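Heavy-atom basis, side chains included; hydrogens, waters and symmetry copies ignored. Not measured: the values here are computed from a predicted model.
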Amino acid sequence: MENFNWELFEQDQRDFDMRMTRAAFENTYMILTGKATYESLLEKQSMQKGSIDQYVNTSVLFNPMSKDYSPKFPHLHNEVDRNELIDSMIEYFTETEEYEKCAELVKTKKKL
């Protein structure tokens with residue numbers, strides 16, 4: 001009987017976590033800047049062939065199931081402080097050297 005490869009399992013988990021994190025920041029950025037809605041992201045993924053895992057690509061940094069969720073202003077509901085959310089996104093995109101997104105988020109933060 002073959003031994004279970006824990007290293008491979010842990011690497012797969014890290015890869016999944018990184019994909020999920022990236023998707024959450026990208027999708028939240030798209031929604032905050034008005035380039036997409038959560039519903040449009042879900043719709044796009046539902047048209048793709050695949051398993052339920054495909055919905056990982058629609059992860060976000062806020063709770064779209066919150067009672068006070070508004071598709072027009074999803075980042076303004078009570079569970080997430082909007083300034084902290086945008087600051088953490090700016091930090092993330094600075095680390096990934098996506099400075100154009102940082103600049104756009106700074107503009108978005110000033111509007112709120």
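To the nearest 0.5 Å, the span separating OG1 on T28 from OH on Y38 amounts to 10.0 Å. How far OG of S59 is from CZ of R22: 11.5 Å, rounded to the nearest 0.5 Å. In this structure, CG on L105 lies 7.0 Å from OG1 on T33, to the nearest 0.5 angstrom. Note that CZ of F25 and CE of M30 are 16.0 Å apart. Values are rounded to the nearest 0.5 Å.
Contact annotation: the side chain of F93 never approaches that of Y99 to less than 4.5 Å [non-hydrogen atoms, C-beta and beyond]. Counting only heavy atoms from C-beta outward, the side chains of L85 and M89 approach each other to under 4.5 Å. For the pair V106/I86, no side-chain contact is recorded, criterion being any heavy-atom separation below 4.5 Å from C-beta on. Under the 4.5 Å side-chain criterion, counting only non-hydrogen atoms from C-beta, E26 is in contact with E98.
Heavy-atom minimum distance, I31 versus T37: CG1-C, 4.0 Å.
A 6.0 Å sphere centred on CD of E10 holds more than 12 heavy atoms belonging to other residues, nucleotides or ligands.
Side chain of S40 to main chain of A36: no donor-acceptor pair is present (N/O by atom type, distance under 3.5 Å, no hydrogens or angles).
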Worksheet entry | Test salt bridge (Lys or Arg N to Asp or Glu O under 4.0 Å) applied to K101 and E91, step by step | CA-CA 11 Å; K101 290 180 180 175; E91 184 177 327; over 6 Å; no
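In this structure, a donor-acceptor pair under 3.5 Å is present between the side chains of Y29 and E104.
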